[in-house]
Amino acid sequence: MRTDTLFKEKTVFSYEIFPPRRTAPIDTIYHTLDRLKGQQPDFISVTLGAGGAGANLSTADIAQKIQDEQFLPSVAHLPAVNFSKDEILVILEELKQKKVENILALRGDLLPEKEPKKDFSYANDLVTFIQEQGDFNIIGACYPETHSDAASSVEDIRNLKRKVDCGTNQLITQLFFDNNYFYTFKEKCDIAAIEVPIQAGIMPVVNKKQIERMVMMSNVTLPTKFLKMMERYEHNPEAIRDAGIAYAINQIVDLVAQGADGIHLYTMNNPYVAQKIREATRSLFDAS
């Protein structure tokens with residue numbers, strides 16, 4: 001099932017998970033999926049791994065498992081800088097065979113220690129190529145606080161408009177912790193006639209290490225109230241976990257009330273956290 005059709009009927013709630021690393025047992029992802037059963041998000045997306053790093057189970061395999069065992073649409077992440085055109089063709093054929101219709105087309109992280117492939121410089125190049133190969137639903141990433149490589153927010157919105165015009169049918173934002181960034185970003189998209197559904201990406205922060213990694217890897221602002229919350233509870237693992245869950249729930253309640261098209265929850269493969277947030281917010285989506 002194409003995930004872009006879901007937005008015609010409701011406010012969409014979805015999850016992101018990632019494959020186990022090569023050094024981790026394969027059973028870890030099966031355990032995560034088993035514990036997510038019954039939570040019934042509208043779809044689940046599967047990354048290629050942190051920073052595009054290799055995993056010991058393919059994204060396509062996990063996406064197929066989600067569809068076959070949880071009866072949910074799945075989305076396979078596909079970062080442009082990691083693959084040549086020939087490699088992309090092989091992946092697309094595998095996705096077709098496994099009946100995975102939805103692809104999150106990304107540029108991907110540029111890592112100093114890893115030489116990028118040269119066939120696709122930008123996500124819109126990959127979107128165009130995928131469009132030529134079959135009837136996939138293509139999803140794109142967007143950045144409420146502006147992509148770190150963009151010269152300005154104006155340039156970033158122009159690039160996003162180009163990506164949508166190339167064939168992107170829906171968008172998922174990078175994580176953010178101040179909803180005002182999302183509302184301002186949405187206004188800019190409206191002005192630019194970017195008319196596809198935009199899901200707000202929400203990550204519940206449950207430990208201090210997560211925060212440090214996010215600040216290092218992404219251009220994300222940490223509001224004062226968020227920093228005070230983390231500082232107060234950083235030495236109490238249960239308290240910081242519960243505070244992070246509560247903060248994410250408050251964000252979601254406000255976003256849905258303000259008419260966001262959907263929420264995409266970065267679960268970090270933590271079924272307990274996903275379940276708590278799903279339980280606290282389910283009625284918001286059931287009523288939409």
Side-chain angles (χ1 to χ4, degrees), residues 3 6-7 9-18 29 31-47 66 70-75 144 170-183 185-186 197-211 214 220-288:
T3 57
L6 297 169
F7 296 90
E9 302 173 359
K10 60 178 298 186
T11 305
V12 172
F13 183 82
S14 58
Y15 287 164
E16 178 183 290
I17 62 171
F18 53 83
I29 191 63
H31 179 66
T32 297
L33 289 174
D34 285 344
R35 291 188 61 193
L36 289 175
K37 280 183 179 176
Q39 296 187 29
Q40 287 298 302
D42 293 302
F43 67 84
I44 298 177
S45 74
V46 187
T47 75
I66 290 166
Q70 300 210 27
F71 308 106
L72 295 172
S74 62
V75 174
Q170 67 184 88
L171 297 168
I172 298 174
T173 77
Q174 185 191 47
L175 60 97
F176 56 89
F177 296 99
D178 182 341
N179 287 1
N180 288 321
Y181 284 109
F182 178 81
Y183 301 137
F185 169 75
K186 189 66 170 62
I198 302 175
Q199 278 183 276
I202 299 297
M203 178 182 284
V205 175
V206 296
N207 61 63
K208 188 178 180 183
K209 190 175 181 181
Q210 257 185 296
I211 305 168
M214 283 186 299
V220 59
T221 301
L222 302 178
T224 300
K225 65 178 182 179
F226 179 87
L227 290 171
K228 286 184 176 179
M229 178 184 76
M230 292 293 112
E231 181 181 354
R232 180 176 180 87
Y233 301 120
E234 65 176 304
H235 300 299
N236 184 328
E238 288 189 4
I240 199 170
R241 179 198 66 194
D242 291 346
I245 290 171
Y247 193 95
I249 289 170
N250 286 337
Q251 278 192 274
I252 292 169
V253 170
D254 183 61
L255 287 161
V256 174
Q258 298 297 324
D261 295 315
I263 302 296
H264 189 64
L265 190 68
Y266 297 109
T267 70
M268 302 304 291
N269 287 21
N270 190 323
Y272 173 84
V273 172
Q275 180 179 359
K276 290 298 181 183
I277 292 173
R278 183 62 168 149
E279 288 174 350
T281 62
R282 185 186 293 272
S283 62
L284 304 179
F285 299 91
D286 291 344
S288 66

Applying side chain to side chain contact (heavy atoms under 4.5 Å, CB included), run through Lys186 and Gln258 and close with a yes or a no.
CA-CA 11 Å; Lys186 189 66 170 62; Gln258 298 297 324; over 6 Å; no
Main-chain N/O of [Y] paired with [X] side-chain donor or acceptor, under 3.5 Å:
| X | Y | answer |
| --- | --- | --- |
| Gln275 | Arg35 | no |
| Asp42 | Phe13 | yes |
| Arg241 | Val273 | no |
| Thr173 | Gly201 | yes |
| Asn207 | Pro237 | no |
| Ser14 | Ile44 | no |

For Asp178, enumerate each residue passing the side chain to side chain contact (heavy atoms under 4.5 Å, CB included) test, keeping only those at least two apart in sequence or located in another chain.
Asn180, Tyr181, Pro223
In chain order, what residues pass the salt bridge (charged side-chain N to carboxylate O under 4.0 Å, His left out) check against [X], with sequence neighbours excluded?
| X | result |
| --- | --- |
| Glu279 | none |
| Asp242 | none |
| Lys37 | Asp34 |
| Lys276 | none |

So, taking the atom named [atom1] in [X] and the one named [atom2] in [Y], what distance separates them when rounded to the nearest 0.5 Å?
| X | Y | atom1 | atom2 | answer |
| --- | --- | --- | --- | --- |
| Ile172 | Ile263 | CD1 | CD1 | 11.0 Å |
| Arg278 | Ile252 | CZ | CD1 | 10.0 Å |
| Phe18 | Thr47 | CZ | OG1 | 7.0 Å |
| Thr267 | Ile202 | OG1 | CD1 | 13.5 Å |
| Ile240 | Arg232 | CD1 | CZ | 12.5 Å |
| Leu72 | Tyr15 | CG | OH | 10.0 Å |

Indicate the atoms forming the closest heavy-atom contact of [X] with [Y], along with that distance.
| X | Y | answer |
| --- | --- | --- |
| Leu222 | Leu227 | O-CD1, 3.6 Å |
| Tyr266 | Glu16 | CE2-OE1, 3.1 Å |
| Gly262 | Thr11 | CA-CG2, 3.9 Å |
| Val12 | Phe285 | O-CE2, 3.8 Å |
| Leu265 | Pro204 | CD1-CD, 3.8 Å |
| Thr3 | Pro73 | CG2-CB, 3.9 Å |

Applying side chain to side chain donor-acceptor pair (under 3.5 Å) to Ser45 and not counting sequence neighbours gives His77, His264
So Phe176 and Phe182, would you call those rings parallel, tilted or perpendicular, with 30° and 60° as cut-offs?
parallel
Side chain to side chain contact (heavy atoms under 4.5 Å, CB included) assessment of Ile29 paired with Asn269:
CA-CA 8 Å; Ile29 191 63; Asn269 287 21; 3.8 Å; yes
Tell me whether Arg282 at atom CZ has more than 12 heavy atoms from other residues, nucleotides or ligands lying less than 6.0 Å away.
yes
If you count every heavy atom of other residues, nucleotides or ligands that lies below 6.0 Å from Phe7 atom CZ, does the total exceed 12?
yes
Side-chain touch Phe177/Val220, heavy atoms, less than 4.5 angstrom
yes
Are Val256 and Thr281 packed together at the side-chain level, in the sense that at least one heavy-atom pair is separated by less than 4.5 angstrom?
no
Using the side chain to side chain contact (heavy atoms under 4.5 Å, CB included) rule, take Leu255 and Tyr183 through it: C-alpha gap first, then chi angles, then the decisive distance, then the call.
CA-CA 9 Å; Leu255 287 161; Tyr183 301 137; 3.8 Å; yes
Verdict with supporting geometry, Asp261 and Gln199, side chain to side chain contact (heavy atoms under 4.5 Å, CB included)
CA-CA 6 Å; Asp261 295 315; Gln199 278 183 276; 5.5 Å; no
